[in-house]
Number of protein chains: 2
Amino acid sequence: MSGPVTLSDVARVAGVSLATASRAINGSATRTVRSELREKVLAAAAELQYAPNANAQAMARGQTTALGLIVHDIADPYFSSIAAGVTDAAESAGLMVTLGSTQHDPEREVALLQVLHRQRARAIVVAGGRHDDEEVNTALSRALASYRMAGGTVAMISQPVFDVDTVAIDNAESAGQLAQALVGRGYRQFAVLGGPKDHLTARERRDGFAAALAGQGLQVDDQDTIECAFTRDGGYSGMQRLLAGRTSAQVVFAVNDVMALGAMAAARDAGVEVGRGIGIAGFDDIATLRDVTPGLTTVQVPLVAIGALATNLALVHHEAPAQHGGLADAEHLTTRRDGTRLVRVPGSLVMRDSTPGPATSPARIS
Amino acid sequence: MSGPVTLSDVARVAGVSLATASRAINGSATRTVRSELREKVLAAAAELQYAPNANAQAMARGQTTALGLIVHDIADPYFSSIAAGVTDAAESAGLMVTLGSTQHDPEREVALLQVLHRQRARAIVVAGGRHDDEEVNTALSRALASYRMAGGTVAMISQPVFDVDTVAIDNAESAGQLAQALVGRGYRQFAVLGGPKDHLTARERRDGFAAALAGQGLQVDDQDTIECAFTRDGGYSGMQRLLAGRTSAQVVFAVNDVMALGAMAAARDAGVEVGRGIGIAGFDDIATLRDVTPGLTTVQVPLVAIGALATNLALVHHEAPAQHGGLADAEHLTTRRDGTRLVRVPGSLVMRDSTPGPATSPARIS
DNA sequence: TTGTATGCGTTATCAT
DNA sequence: ATGATAACGCATACAA
């Protein structure tokens, strides 16, 4: 009967006490152990293939080595890029990432938060836009508060609607710049694949786009603002509906890239050429876009860096975290009244071939 | 001074013993608690915002609720799709996924395995092709054996080169079918973007492709077999090199889709039209391909299902795991002599517009 | 049905 | 420098 190998076994084989074995293997901060004994302990550990029990260590130390990450869908390139940044930063800090996927269900988000709380994750990164749903937000807020009260730290990548450290993308402003750039290319008739009505990210992008157009005396017809899921398939079906109703839009703004990709596919399937026939623009600049033709006009968001930044924000308290391509500059970092930090990440316009300008130049604006 | 809320606190507030509180909150298998007391305990727990310490539970129960997942790169759509299947299946089993990313470094794979071992993860899924590197494989084999000896279970998504449950993709056979289909479309001159020399997945696909061609009296010139990284950028630079040397290839087989996407980009950048100018084919049918034009000819592999299957394989011992679109049929499931199971997953050909047939039909085969 | 007491594997405090 | 021993928070065998 072997059973699991414990530190006691190692100590016994090495002929030392439990305490000495612990110190030899871990290198206690205060105590030190004679190299002669250390060798013996290490040899015994190797011989027995001893692997320290991290759960027991967590108990004794009162601290785990896990970092939680909650995303909406890990297969979505938006989230998988963020996840890459998070795992990278976490592993640099000696932590492992515990991944939860909500499948776009806000209630699962709360449930996952509770699981990570029970796991005593050192910190939690929550990625993904918030919803305008009081009930869900209340539950989420409670779960967050409970976790933080127990000593956990949180960083969100979303709108700054909770009192936790937050990385917020400048959705409205960037969408506005995109609108202006499209106007600059000659477009005058716009449609918007707007995502779910109560999805805050979608709303900010919609509204920022519309506001900038309004500043130019332009607007999006109500019937040309399509409500749809925040996914690739949502973009596809939304575009289908748009094309079915005889729209006069020259260019379509999809509030994220995966939706824009769905829209491009729908256009192709309907025999409409993207670029010449109708313009399409997205938001995020997901990695996938490198291999899409025509190139999709979009707003570039440094997703991997944002993931790493959020991780460090959650890990490093009350000071500016390490640099992330300038993202954590004083310029973008503010400390709110409740002490939590907010980093605003600007997007940058990327004009590509999907919006070359309208085929037939419309009349000048009056 | 509050400090962390423990079960003792809940018990005290509820006016019951520790044991009763434990049973009320967990619902012990054998014992039961009077509903009156249970209510009181639950109320106390809610009032105190009690969250059970999963580490302590793990200690007491001798079992954790974590499942490890090791991938090469979570931002790669191949792995993020597998990860989606794994997280899905894991959460169905009440487990959380602990994610490790190797960044294509085999040594990190061993290190991550050890970390997950220390974490006492219930099971570990290792995804990603193996290398023909004895030193690395020995270290990995040791780490796997050590983990399994301690009671952990493992499933790999790769070549069946270790004695653990394995899901293996029929690389050689599928690549062969692809070759035949390309010949059927009239191609006679082939090039291969072959990935790293010692990468087994790449090798199997290369060799399967070449063998099928040989069966038709055809072959790939040595100078038309390009060695490159197993990534999108590897495919890009490989294709650049291929085009730089004046190749006479009519069609290029990239041993995975992300490489094929890189190759398509390189062709475009070089002014060569994919499809008419030169054919390109890939392998995997990653989700990204839906939005690529022209459509990429490839071998479809059910990645999400494979992730879920591997997870169940790791979780369910000594019997056939739940169905996964027929993947675990007796037809594909074999039990090896060492008792480990092997599921061979066939790929299925998907011919798309990237390989319409050669522009100029070559002379008939003699 | 409820309570008492022990053990899980490790760290850390205290002697020595 | 090393060794006993008491936590850490919970589950459970045993006693009542």
Side-chain angles (χ1 to χ4, degrees), chain A residues 1-42 44-45 48-65 117-122 150-151, chain B residues 2-42 44-45 48-65 115 117-122 150-151:
Chain A
M1 51 158 269
S2 54
V5 179
T6 73
L7 189 55
S8 302
D9 299 327
V10 176
R12 186 164 25 76
V13 169
V16 302
S17 76
L18 187 59
T20 301
S22 174
R23 297 195 266 254
I25 288 183
N26 253 300
S28 158
T30 57
R31 306 301 186 186
T32 165
V33 31
R34 213 172 5 134
S35 64
E36 185 183 322
L37 281 190
R38 186 179 31 247
E39 303 278 320
K40 270 166 84 171
V41 173
L42 262 33
L48 297 178
Q49 302 199 64
Y50 168 70
N53 184 324
N55 294 107
Q57 292 182 315
M59 286 235 51
R61 297 205 251 245
Q63 191 178 205
T64 67
T65 171
H117 180 171
R118 300 209 284 245
Q119 227 97 290
R120 298 298 187 265
R122 268 263 199 90
Chain B
S2 53
V5 179
T6 74
L7 189 55
S8 303
D9 299 327
V10 175
R12 186 163 25 73
V13 169
V16 300
S17 77
L18 187 59
T20 300
S22 173
R23 297 194 266 255
I25 288 182
N26 253 300
S28 160
T30 57
R31 306 301 186 189
T32 165
V33 170
R34 211 174 4 138
S35 65
E36 186 184 322
L37 281 190
R38 184 176 37 245
E39 302 279 319
K40 270 166 88 172
V41 173
L42 262 34
L48 297 178
Q49 302 199 65
Y50 169 70
N53 184 325
N55 294 107
Q57 291 182 316
M59 288 240 50
R61 296 205 251 245
Q63 191 178 207
T64 67
T65 171
V115 172
H117 181 171
R118 299 210 284 248
Q119 228 95 289
R120 298 296 187 269
R122 268 262 199 91

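Keep in mind that the numbers below use all heavy atoms, side chains included, and drop hydrogens, waters and symmetry copies.
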Whole-Å gap separating P (C/dG9) and CZ (B/R118):
17 Å

Whichever of B/S35 and B/R120 has its nearest DNA chain C nucleotide further upstream toward 5':
B/S35

Distance in angstrom units between B/Q63 CD and C/dG7 P, rounded
22 Å

Set of residues satisfying side-chain contact (heavy atoms from CB on, under 4.5 Å) with respect to A/A150, sequence neighbours excluded
A/H117

Between C1' on C/dG3 and CZ on B/R12, what's the gap in Å once rounded to a whole number?
17 Å

If every non-hydrogen atom of A/D9 is compared with every non-hydrogen atom of A/P4, which pair is closest and at what distance?
OD2-O, 3.7 Å

CZ/A/R122 to CD/A/Q63 distance, rounded to the nearest 0.5 angstrom?
3.5 Å

Heavy-atom pair with the smallest gap, counting every atom of B/V33 and B/A24
CG2-N, 3.9 Å

B/V10 versus B/V41, closest heavy-atom pair with distance:
CG1-O, 3.7 Å

Can you tell me how far the OG1 atom of B/T6 sits from the CG atom of B/L18, to the nearest 0.5 Å?
8.0 Å

Exercise: identify the closest heavy-atom pair between B/Q57 and B/P52
NE2-CB, 3.7 Å

Positions of residues 49-57 of chain B (non-hydrogen atom under 4.0 Å from DNA chain D), listed by number:
B/Y50, B/P52, B/N53, B/A56, B/Q57

Spatial distance of atom CZ (B/R120) from atom OG1 (B/T65) [nearest 0.5 Å]:
16.0 Å

With a 4.5 Å heavy-atom cut-off, do B/L37 and B/R23 have their side chains touching?
no

Could you write out each protein N or O paired with an N or O of nucleotides 12-16 of chain C at a distance under 3.5 Å?
unit_1: C/dC14; atom_1: N4; unit_2: A/R31; atom_2: NH2; d: 3.1

Write down the distance between CE (A/M59) and P (C/dG7), rounded to a whole number of angstrom.
17 Å

Less than 4.5 Å apart, any side-chain heavy atom of B/V115 and any of B/Q119?
yes

Degree of bending, the helix from C/dT1-D/dA16 to C/dT16-D/dA1 (end axes from five pairs; round to 10°):
40°

Is a side-chain donor or acceptor of B/T64 paired with a backbone partner of B/A58 at a separation under 3.5 angstrom?
no

With respect to the phosphate group of C/dG9, does any side-chain polar atom (N or O) of A/T6 fall under 4.0 Å of OP1 or OP2?
no

Spacing of B/N26 atom CG relative to C/dT2 atom P, expressed in whole Å
16 Å

Between A/L42 and A/R38, is there a side-chain heavy-atom distance shorter than 4.5 Å?
yes

Does anyone know the first and last nucleotide of DNA chain D in reach of chain A, 5' to 3', at under 4.0 angstrom to a heavy atom?
D/dA1 to D/dG9

Which residues share a side-chain contact (heavy atoms from CB on, under 4.5 Å) with B/E39, sequence neighbours left out
none

